[in-house]
Each structure stands twice: as C-alpha cells, then as structure tokens.
Amino acid sequence: MSADLIPTLGPQTRLKTAPQVRSREIGGEAVLLDLEAGTYFGLNAAGAVVWKCLERSKSLGEVHAALTGHFEVDAERAWADLVELIGNLLDRGLVTVEPAGGAS
Amino acid sequence: MLPATPPTTLIQIITSSASRRQSGVRLDLAGVTVVSDTSTAWLEPFTRGTASLTPVLLERSEKLRVPAISRTTFEGPAWLARAVRDVTCRDDGDTHRLECGVGRTFVVGPGGAWIVAEPLSAGPLDQVELEILFGAALLVALAARGSFSLHASAVLTGGGMAAFVGVSGAGKSTVAAPAAAGWQRLGDDILPIADRASRVVALPRFPQLKLPRDEQYPAGLPEAIPLRAVYEIDAGRERREVSIEPLSPRDGALVLLAHTVAARLFGARLLEQHLGFCAAAAARLRVCRLGYPRLLSALPAVRAAVTADLAASLGERRGADALS
C-alpha cells in the first residue's frame, strides 16, 4: 500500500493522524497507541517531531523543515528518512493522506 | 445512576440476589477494600472480617442491564483461569462486560466501583468462575481505579523492591525463587502497581494462585512498597554472561505496556489511561533488560548483578536528590 503511495508523496502532501491513535511524548521520544487494534509503537526523537507536526496538519515540506531545524542532518537524507517513516505509518494505518487541496 | 467516581477505595462484588441488604466478606487486596458476597479458601489470607454492602448498589444490581454495551474490545481465545477460553469483552466507555464461555457474565462498573456476576440467580460460583471474578474481572476493576497489574514476579532486596517481567517461560519465577540469599519473594504472577504521590508503588497484597497459602503476601508488610526497578528477562542458551541494560523511558513504557495483565480487555478509555500511566511510570522507574545464560548455575550471578544494579541506581538517585 505505502509502496504505491510513496512516489506520490511530496512537500505539499498533507497527512492526517488516524482518529483511533493516541500518543504520549516520553523523554523526547513517543509512544503511539492504536485504540482499535490495541497495539503500541515506539517513535524515536525524530519520529516524535514528525508526529507532532502531523498532529498539527503540517505539510511534509514543513515537517521536513522541522526535522532539519531540530537535527543536524543532510536535507536529502532527512527527506528519505521522512518518506520511509511515513510509509511505515501508512502501512499500519496510523496516518492517512489528505486529498490534494483538502486542508490548507 | 451509580456514581462514576466512587467516594472510597472500595470495590463491591455482587454475585447473588440473595445478598440484598446483607454484609459481605471484607478483603484487603491491592490497596483497596473489596466487599464481596462470595469468597473462596484461597482468599482467606486476605480476609479481614465482614462489611456492609451498599443497599443502593444491591437495589440496582438486580435490575442491572447493560444494553448500551455494544462495542467489542476483545474477542477471541485467551488464557484465563488456567485454560484457553473464548473470551468476549465489551465496553461502553465506563462499564466493561466480560463473557468467558462460563455460566456467568462479569460486569465491571464505572470507576471499578463494583463487579456484578450475571445472572444473579445462577447459584454459587464454581472454581473457574471464582478465578475469573477474582482474576480478570477484578484486574479490570483495579485498572479502572488506576492500579495496573504487571505479569511479574517480585522480590524485596536490601536495595528495594524489584519486579521481573518476561514472556511465559522466560524465568521470572526462577530468578525470584526464595533460595536467593537476602531476597524475599513478594509475588509470583500478578503485581498491581500504582502512582502514589508521584512515586510508583507496588501493591503486592494480591492472591498468587501459583504459590501455596503460606507463601502469600505476609499480613505484617505494608500494603504499598515503592517499586525501584523492573527487569525484563531476556534469557537464552546462546548468552555467555549476565548483562543489565537500562532502557530509555520510551522503551521502558513499552515494557510496562506489554507486560500488563488483562490489557487486551480494556476499552478505549481505559487503554488511554493505561498509556498515560505507563508513560508516567517509565519516567520515574528504572526499567532494564536483563540478559543471562539460561542455566541454573548462572542464577547466583544474575541475582548478584541485580543486587549491584539496584545499589548503584540507589546511589545515583541519592546523588540526584542532593543536587535538586
């Protein structure tokens, strides 16, 4: 599923955190809970920054800017890591892609 | 309406319409008073006489129906009362309804204030029903009151209380076995824990069905004991030495979440509370991964390493307290 979507992910893409997911920040990292499946996921510090941005409906371009602002990381590498993480989140149904032009 | 937040630390258990306006057995379990119209021999070490059942609850209990409960929180085979059973749990946010393929359905009320076994006219509970009532149903009620229970063995050492968690067969019971010099085993299955004044405490006064009567939690010990550390056991034949690796608060929270008993039965609201509890607890607790060779001859070294780890972390904490 995510493999099909990944090529379409761009800086303008917006994602929405799934309504059944709750998060807790713990020591700069985060734990996600899927209420429907009763499963938990750990996010590292970078993942926690990404999740916080997604909760605020930021575009992937804005998320990427937040990542490069928070961490000393090459912009290209940050984008690749971001896309990989988003793919994992989509695979697990923790986020959904907003239709183009949906949120502003 | 029954109160959503009970005014006292009391859980009332009603299993029979005959208990209307009668008193029940008073049990001190996991830091709360349980008043129940039924009991069993293995609860005798926790019995403290009798107490009244609240008439309003009894009035309600006969009419208690939970038509609003339609959301299924869990459905499938689960290990319950020493067997795999087909379990269905439903909740309406505040109330959980537990069906386990036995004669009765257990309804756990808002805030864990009461448990009713339906139908109330079904006669005395059998052994399996009693184990579910004072097991899964009571653990859901305790969780609704903020006490979540680890599947753990527990010991009191000179450096404080430690709990061992791990998958079944990992070696929890073996590490905590009473042969250990200087360690006192306080539990070997269910360890309720709670947040008291920003400290994580264990509430080990809870029936341990794996242990004989004379090894149940001693009456003379306090109801709450500060929990110093949780060790997740990762034993394997390929391991050559004992290792203790402190986990980050995030990974510590995931350990606590994974080893909580009955969490699969929790409805959405309780799951959220559980997440919040484990996140807060992991920030205050030392949670470590304990690796060791799966050999009986390694046990003295395992216990020595845990004792040293507790002593070292106690020293660190005292240092931190002095600086703050």
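Numbered from 1 within each chain, the chains take letters A, B, ... in sequence-line order.
Note: B:L275 leads B:L275, B:L271, B:L254 in heavy-atom pairs under 4.5 Å with chain A. Per-residue counts of heavy-atom pairs under 4.5 Å with chain A were compared for B:G267, B:A282, B:G276; the largest is that of B:G276.
For B:A283, no part sits under 4.5 Å from any heavy atom of chain A, backbone or side chain. Residue A:A48: no heavy atom, backbone or side chain, is found under 4.5 Å from chain B.
Taking each heavy atom of B:A202 and B:I193 in turn, the nearest pair found is CA-CG2, 4.1 Å.
Here B:I115 contributes atom CD1 and B:I132 contributes atom CD1; the two are 12.5 Å apart, rounded to the nearest 0.5 Å. One distance of note links CG of B:L257 with SG of B:C278; it measures 4.0 Å at 0.5 Å rounding. In this structure, B:I244 CD1 and B:L310 CG are separated by 8.0 Å, a value rounded to the nearest 0.5 Å.
In this structure, the side chains of A:L54 and A:V95 come closer than 4.5 Å at one or more pairs of heavy atoms. Contact annotation: the side chain of B:V140 approaches that of B:L270 to within less than 4.5 Å [non-hydrogen atoms, C-beta and beyond]. Counting only heavy atoms from C-beta outward, the side chains of B:V201 and B:L203 approach each other to under 4.5 Å. Inter-residue side-chain proximity for A:T13 and A:V97 is flagged as met; some heavy-atom pair is nearer than 4.5 Å. Side-chain contact between A:L89 and A:L32 is present, with at least one heavy-atom pair separated by less than 4.5 Å. For the pair B:L142/B:F206, a side-chain contact is recorded, criterion being any heavy-atom separation below 4.5 Å from C-beta on. Counting only heavy atoms from C-beta outward, the side chains of B:F164 and B:V306 approach each other to under 4.5 Å.
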Determine which donor-acceptor pairs between chain A and chain B fall under 3.5 Å and list them with their distances.
unit_1	atom_1	unit_2	atom_2	d
A:R22	NE	B:E272	OE1	3.2
A:R22	NE	B:E272	OE2	3.4
A:E29	OE1	B:S248	OG	3.3
A:Y40	OH	B:H274	ND1	3.4
A:L43	O	B:R250	NH1	3.3

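Near-neighbour residues of residues 64-82 of chain A relative to chain B, defined by a heavy atom under 4.5 Å from a heavy atom of that chain, are none.
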